[in-house]
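Take a look at the structure set out below.
Just the heavy atoms: all of them, side chains too, but no hydrogens, waters or symmetry mates, feed the values below. The chains referred to below are lettered A, B, ... by the order of the sequence lines, with proteins before strands, and numbering in each begins at 1.
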Amino acid sequence: MNTLLRIENLHARVDGKAILKGIDLTVKPGEVHAIMGPNGSGKSTLSNVLAGRSGYEVTEGTVTYRGQNLLDQPPEQRAREGVFLAFQYPVEIPGVSNIYLLKAAYNAIRRHRGLNEVDALDFLKLVKEKTRMVDLDEQFLYRGVNEGFSGGEKKRNEILQMAILEPTLCILDETDSGLDIDALKVVANGVNALRSPERAFILVTHYQRLLDYIKPDHVHVLAHGRIVRSGDASLAHELERKGYGWIEAAAAGA
Amino acid sequence: MSALSHSLYVDSYREPATNEPAWLSRLRRQALARFEASGFPSPRDEEWRYTHVAPIERKLFTAATGSADTDAAEALIESCRIADAWSLVFVDGMFVPELSERHGLPAGVTLESLASLLALSEADGNAAWLESGLERETESDRHGFLDFNTAFFTDGAVLRLEEGVALEKPVQLFFVSTRNDGRATLRNLIRIGRNAEARVVETHVGPPETGYLGTVVNQIEVADNGGLNHYKLQLDGGRAYHFGGSYARVARDGRFGHHLLSLGGLLVRNEVHARLGHAAQTEMNGVFLSENRQHVDNHIRVDHDEPHGSSRVSYRGILEDRSRGVFQGRIVVHADAQKTDAEMNNRNLLLSDDAEIDTKPQLEIHADDVKCAHGVTIGQLDPDSVFYLESRGIDAATAREMLTFAFAAEIVERFGPLRERLRGLLLARFPNAQ
């Protein structure tokens, strides 16, 4: 079976401090991987390295996406190739309307694939439909990107973008943190609606609760910059019962 | 040529050939005498500290003679014409009636060239208010450019609204320059009557490779409960010198909006001063963009003379290359102006290591029961925002352009009824932003 993403022995540092210390992870199309771990274990660093944020320095290892070296590509190239990061802290961009960003991103990706830019009316129809799916009012489309949005609205907006851009590899960086149960369901429904045999998800999360609504194929526990344990969905329940302490102790003792 | 051209200007002074009224000749001679003594402003003057006008002093700009080159002007005008507006067009300091549009002006409105009104007989009834209008010196702000303007203005626009007249369409005033080393010196009088309301779009435009000096002074009166939205589009060519000053008096409950897009010129000074009466309001919104070696100076002064007034000053600068920007703003709350609500804000984007901004917002408060605030920021584009757009497939250069445009467009959003059209003018400078 083919591989969508292969991470091998990935080491990365931020501000000169080593955060990732040898990550190995293989993701196949159609799979959902949950990456769990305590605060400071390197979860968000992994997300940002995959998306290409500057300031995250890879010191060792490789990341291969669809057979290409992902780390060589600038962030916009990765996005056009189908990598999508739902941000832990989506930025507010006053003056750039949501609808405009969606259209610019959508067309950038289409051009990359050799397709024509979308007709404005068709696009509006698509956007309105997806907006209803994430339970956002249409007026949000015309506001500045995330400007004055609540925490839950920002996360739902990330899911809206994901639903419209239809990426191949979706990385959700703690999208569930800080959400009430209704917003959490919206996020989960968005992910479940997008699940397909071609598409894969990496759910980076601190809490097991998200996995009540999205059933992962694989669960990995990250501690001190390494994946210290991998298993199926039952591992998440084990973590919920026992906390992260035993994993960390085991990792420290290893 | 002399290092100081101002004496050459003084020597070149001639009494205007037209039958100008004696009072105006007297005003001109007084202004000329002050100009002869002081010349153009010097950086020793605190109000001119950041702007050196020596490049202007080293040149001698001559007034046009003969008729205006309207062919060259027409294309420039069409590039920035506001649809569905009345207009007066001045080319190289001369009024061009055939390019102007005044059909269908309602009763109670005077929209005319100043020179033609001055040439009319005293019996016409305009003489008295023109005299008082022109004689009202901008007392706190007198400097060489104003004296120069008074001595040498050739014409200008007069807009007068009688009590209760609300103009439905905007009035666009075009000041077009076409001549290399030419000067255009104009004086505009705008008087908004009691309960009257107007929008005026002052537009400066010229060819990109032509060096000229435009000095345009607006004297503005807004009577009780009147309203003026005054737009200034400074779209001069990249070799132009521009001094523009607007001096407004706003009476009780009056409203004065000043909305500036300053995009062109080599050396530019935009002054706007307002004196506010009881419960009068002003809103001043400005966007200035500079690139290459441009220098753009924005000088703002608001005087709250009486209680319950409000002022909102929001300017944003975007500076690229080796350009330099200045924001010098002062709100003075005088002792009688209790319950004043004043805010002044200047934010700047420095897009190059070689660009510079000097910003100095000041509040001077002599009353004790007021609400006043001011703030300044100077920064670069937020890297997190750039990354966010990149992560959605937008290349870095386009992302930066989108964010820069957005920074400016937020101010244009406050431009009131003409914001959509003016947003388009701004967007022309950011072709990839939308």
Exercise for review: Would you indicate whether B:D353, at its atom CG, is surrounded by more than 12 heavy atoms from other residues, nucleotides or ligands within a distance under 6.0 Å?
Suggested key: no
Practice item. Give a yes or no on this: more than 12 heavy atoms of other residues, nucleotides or ligands lie within 6.0 Å of atom CD of B:E168. Key: no
Review point. Do B:F387 and A:F87 make the cut of ring centroids closer than 6.0 angstrom?
Key: yes
Point to revise | Nearest heavy-atom neighbours spanning A:A79 and B:G393 | key: CB-N, 3.3 Å
Check your understanding: More than 12 foreign heavy atoms under 6.0 Å from NZ of A:K154: is that the case here?
Key -> yes
Point to revise | Contacting region of A:R78 [heavy-atom separation from chain B under 4.5 Å] | key: neither
Check your understanding: Does the side chain of A:I109 come within less than 4.5 Å of B:R392's, by heavy atoms?
Key -> no
Review point. Going by an N to O cut-off under 4.0 Å, is there a salt bridge joining A:R80 and B:E390?
Key: no
**Study point:** B:S391 side, atom OG; A:E76 side, atom CD - distance, nearest 0.5 Å
**Key:** 10.5 Å
Practice item. Would you indicate whether B:K360, at its atom NZ, is surrounded by more than 12 heavy atoms from other residues, nucleotides or ligands within a distance under 6.0 Å? Key: yes
Practice item. Counting only heavy atoms closer than 4.5 Å, note whether B:A408 contacts chain A via side chain, backbone, both or neither. Key: neither
Point to revise | Region of B:A433 in contact with chain A, defined by heavy-atom distances below 4.5 Å | key: backbone
Review point. If you draw a 6.0 Å radius around CG in A:N116, do more than 12 non-hydrogen atoms from other residues or ligands fall strictly inside?
Key: no
**Study point:** Considering all heavy atoms, the nearest A:A104-B:I394 contact
**Key:** CB-CD1, 3.9 Å
Point to revise | Exceeds 12 heavy-atom contacts within 6.0 angstrom, atom CG of A:D15 | key: no
Review point. Is there side-chain contact between B:Y388 and A:V145, with at least one heavy-atom pair below 4.5 Å?
Key: yes
Practice item. Please determine, among A:S97, A:P167, A:A108, A:G95, the option with the most heavy-atom pairs under 4.5 Å with chain B. Key: A:G95
Check your understanding: With only heavy atoms counted, which part of A:P90 is less than 4.5 Å from chain B, the side chain, the backbone, both or neither?
Key -> both
Review point. Taking C-beta and beyond as the side chain, do A:I93 and B:L389 meet within less than 4.5 Å on heavy atoms?
Key: yes
